[in-house]
Amino acid sequence: QVRLVESGGGLVQPGGSLRLSCAASEGSFSAYRMGWFRQAPGKEREFVATINPAGSDIVYGNSVKGRFTISRDNLKNTVFLQMNGLKPEDTAAYYCAARLGWTLTTSGADYAFWGQGTQVTVSS
């Protein structure tokens, strides 16, 4: 069982930046593929980014490519999402998710563990 706790959300103006963090309780964090997903009110959950256990394989959703960067620190059991050039359409609850192993997947259904989410609001 992995417990995930997100932080770093908030209100930011268009064009601004935020850095989300997700701390994992699991000591074998380095065995997990980590992902970020988001969900806006009335919309389906959307894949944002995923990173493999070693941090060597990264995939982004089309809507965030070139603006967001996912990274991880296995010594601190933490995964990050640096978000630059934020747009109003990035407004959503952002969720961290974990999946044991290296298999690449962008489907939320394949991630077994989820955090409670952190709200990101982009507005002037």
Side-chain angles (χ1 to χ4, degrees):
Q1 189 78 13
V2 180
R3 182 168 175 263
L4 303 173
V5 180
E6 302 98 333
S7 60
L11 173 64
V12 64
Q13 292 188 342
S17 298
L18 280 175
R19 188 192 196 205
L20 305 184
S21 299
C22 172
S25 63
E26 176 60 54
S28 57
F29 175 77
S30 60
Y32 289 82
R33 169 174 287 278
M34 302 300 296
W36 285 98
F37 295 80
R38 67 187 183 185
Q39 189 165 20
K43 294 191 176 181
E44 303 250 329
R45 182 172 59 197
E46 179 185 9
F47 165 72
V48 175
T50 184
I51 186 168
N52 71 347
S56 58
D57 177 30
I58 291 172
V59 175
Y60 295 100
N62 288 335
S63 61
V64 306
K65 274 182 190 174
R67 299 187 298 123
F68 290 12
T69 302
I70 188 172
S71 61
R72 64 189 296 160
D73 185 337
N74 286 344
L75 294 179
K76 296 183 178 179
N77 288 4
T78 303
V79 62
F80 305 97
L81 185 69
Q82 177 67 43
M83 306 186 295
N84 299 328
L86 283 161
K87 305 175 182 179
E89 51 263 44
D90 294 317
T91 295
Y94 283 70
Y95 298 89
C96 169
R99 169 189 166 88
L100 186 63
W102 291 67
T103 300
L104 172 63
T105 176
T106 61
S107 171
D110 294 329
Y111 290 77
F113 305 103
W114 292 80
Q116 83 289 349
T118 186
Q119 179 66 33
V120 172
T121 302
V122 185
S123 175
S124 54

Quick one: are [X] and [Y] in side-chain contact, heavy atoms under 4.5 Å?
| X | Y | result |
| --- | --- | --- |
| P53 | S30 | no |
| R19 | M83 | no |
| L20 | W36 | yes |
| S123 | P88 | no |

*Donor-acceptor pair between S71 and Q82 side chains, under 3.5 angstrom*: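 On atom types as modelled, these side chains do not qualify, holding no pair under 3.5 Å.
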*Between the side chains of N84 and S17, does any donor sit under 3.5 Å from an acceptor?*
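There is such a pair (donor and acceptor under 3.5 Å, judged by atom type) between the side chains of N84 and S17.
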Please name the pair of heavy atoms, one in [X] and one in [Y], separated by the smallest distance, quoted to 0.1 Å.
| X | Y | answer |
| --- | --- | --- |
| G35 | Y111 | N-CE2, 3.9 Å |
| K76 | T78 | O-OG1, 2.8 Å |
| V48 | V64 | O-CG2, 3.4 Å |
| R72 | N52 | NH1-O, 2.9 Å |
| V2 | L4 | CG1-CD2, 3.5 Å |
| D57 | R33 | OD2-NH2, 3.2 Å |

Scan the side chains in residues 92-103 for donor-acceptor partners under 3.5 Å anywhere in the protein, sequence neighbours excluded, and list what turns up.
from: Y94; atom 1: OH; to: R38; atom 2: NH1; distance (Å): 2.9
from: Y94; atom 1: OH; to: D90; atom 2: O; distance (Å): 2.6
from: R99; atom 1: NH1; to: D110; atom 2: O; distance (Å): 3.0

Should [X] and [Y] be regarded as members of a common hydrophobic cluster, given that ILVMFWY residues are connected when their side-chain heavy atoms come within less than 4.5 Å of each other, either directly or indirectly?
| X | Y | value |
| --- | --- | --- |
| V120 | F80 | no |
| I58 | F68 | yes |
| V122 | L18 | yes |
| I51 | F113 | yes |

*Show your working on side chain to side chain contact (heavy atoms under 4.5 Å, CB included) between L81 and T69 and close with a plain yes or no.*
CA-CA 6 Å; L81 185 69; T69 302; over 6 Å; no
*How are the rings of F47 and F37 set relative to one another: parallel (under 30°), tilted (30 to 60°) or perpendicular (over 60°)?*
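Rings of F47 and F37: perpendicular, over 60°.
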*To the nearest 0.5 Å, how far apart are OG1 in T91 and NZ in K43?*
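Taking OG1 in T91 and NZ in K43, the distance rounds to 9.5 Å.
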*Would you say T121's side chain and L11's backbone share a donor-acceptor pair under 3.5 angstrom?*
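Between the backbone of L11 and the side chain of T121 there is no qualifying donor-acceptor contact (under 3.5 Å).
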*asked:* Please determine whether side chain to side chain contact (heavy atoms under 4.5 Å, CB included) holds for the pair T105 and T50, giving the CA-CA distance in whole Å, both sets of side-chain angles, and the decisive distance to 0.1 Å.
replied: CA-CA 8 Å; T105 176; T50 184; over 6 Å; no
*Give the C-alpha distance, both sets of side-chain angles, the deciding distance and a yes or no for side chain to side chain contact (heavy atoms under 4.5 Å, CB included) between S63 and E46.*
CA-CA 10 Å; S63 61; E46 179 185 9; 2.7 Å; yes
_Residues, nucleotides or ligands: over 12 heavy atoms within 6.0 Å of E89 CD_ =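 For E89, atom CD is crowded (more than 12 foreign heavy atoms under 6.0 Å).
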